[in-house]
Amino acid sequence: MTSNSTPPGLARFNALEEHAAHAALHEACASTAWANRLLGARPYTTADDLYAASDAAMAELSARDLAEAMAGHPPIGRPKPGDPTSSREQRGMAGASEELKAEMLELNLAYQEKFGHVFLICATGRTGAQMRDAVKERIGNSPEQEREIVRTELGKINRIRLARLVDED
């Protein structure tokens, strides 16, 4: 590949009709504002350009936009039935003990009661115990602190999902 050629998966994304590209982005992140910002910046020359646009869009999301993005994520330990993405990302909980799963359910509920949204973490590569420890640590945060942590975690998730989108052959 020469330095001026766009990777095939990214070229395919750049060439999608707007509604198809929007649908692909919505699979990565449920925020309409984020998807619209990324759509408006097409075409991308490199995956890094796409990731940088994603990071910039994430940084500008309002509290309402963040809530919309979070609404697209199931609670940790309860991936969406039939959704291979959430199952893959939450693989660390799949082998967890029933005790850990029950504890995570309680922690998820306590977190949601305090913050008004699901506990969100980039679960890829994390064990069930690591996710439990993270929710225990983060439940003591202020809503403002937690909103910025969620923004960072969403950014990580979006990069992983965008990488899968543009790395497809």
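Along the sequence shown, residues are numbered consecutively beginning with 1.
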Are the side chains of [Y] and [X] in contact, using a 4.5 Å heavy-atom criterion?
X: Asn108; Y: Val118; value: no
X: Leu25; Y: Leu162; value: yes
X: Thr152; Y: Met58; value: no
X: Trp34; Y: Leu66; value: no
X: Thr6; Y: Thr46; value: no
X: Thr127; Y: Arg132; value: no
X: Leu120; Y: Ile157; value: yes

Quiz item: Should we say atom CD of Glu103 is surrounded by more than 12 heavy atoms from elsewhere, each under 6.0 Å from it?
Solution: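 Yes.
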
Quiz item: Is the count of non-hydrogen atoms from other residues, nucleotides or ligands lying under 6.0 Å from Glu113 atom CD greater than 12?
Solution: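 Open.
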
Measuring from [X]:[atom1] to [Y]:[atom2], what's the distance to the nearest 0.5 Å?
X: His117; Y: Met70; atom1: NE2; atom2: CE; result: 4.0 Å
X: Lys156; Y: Thr124; atom1: NZ; atom2: OG1; result: 10.5 Å
X: Thr45; Y: Leu10; atom1: OG1; atom2: CG; result: 8.0 Å
X: Arg12; Y: Leu165; atom1: CZ; atom2: CG; result: 8.5 Å

Quiz item: Are Ile160 and Phe119 joined in one hydrophobic group, where the rule is that I, L, V, M, F, W and Y side chains link up if heavy atoms are under 4.5 Å apart?
Solution: no

Practice problem: Answer with yes or no whether the hydrophobic clustering places Leu50 together with Leu39; edges join I, L, V, M, F, W, Y residues whose side-chain heavy atoms lie under 4.5 Å apart. | Solution: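 Hydrophobic grouping puts Leu50 with Leu39.
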
If every non-hydrogen atom of [X] is compared with every non-hydrogen atom of [Y], which pair is closest and at what distance?
X: Ala30; Y: Gly72; value: CB-CA, 3.9 Å
X: Leu61; Y: Arg151; value: O-NH1, 2.9 Å
X: Leu38; Y: Ala57; value: CD1-CB, 3.8 Å
X: Leu100; Y: Ala96; value: CD2-CB, 3.6 Å

Spell out, as yes or no, whether a donor-acceptor pair under 3.5 Å connects the side chain of [X] to the backbone of [Y].
X: Arg42; Y: Leu16; result: yes
X: Glu68; Y: Ser31; result: no
X: Arg164; Y: Arg159; result: no
X: Arg37; Y: Ser54; result: no
X: Arg138; Y: Asp133; result: no
X: Gln145; Y: Ser142; result: yes
X: Lys114; Y: Asn141; result: yes
X: Asp65; Y: Ser62; result: yes

Practice problem: If the plane angle is over 60° it's perpendicular, under 30° parallel, otherwise tilted; pick one for Tyr111 and Phe115. | Solution: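 It falls in the tilted class, 30° to 60°.
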
Quiz item: How are the rings of Phe13 and Tyr44 set to each other: parallel, tilted or perpendicular (split at 30° and 60°)?
Solution: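 It falls in the parallel class, under 30°.
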
Practice problem: Decide side chain to side chain contact (heavy atoms under 4.5 Å, CB included) for Met104 and Met131; before the verdict, give the C-alpha distance in whole Å, the side-chain angles of both, and the deciding distance to 0.1 Å. | Solution: CA-CA 8 Å; Met104 198 65 192; Met131 289 184 266; 4.2 Å; yes

Exercise. Dump the intermediate steps for side chain to side chain contact (heavy atoms under 4.5 Å, CB included) on His22 and Asn36, then the final yes or no.
Key: CA-CA 7 Å; His22 191 277; Asn36 287 343; 3.5 Å; yes

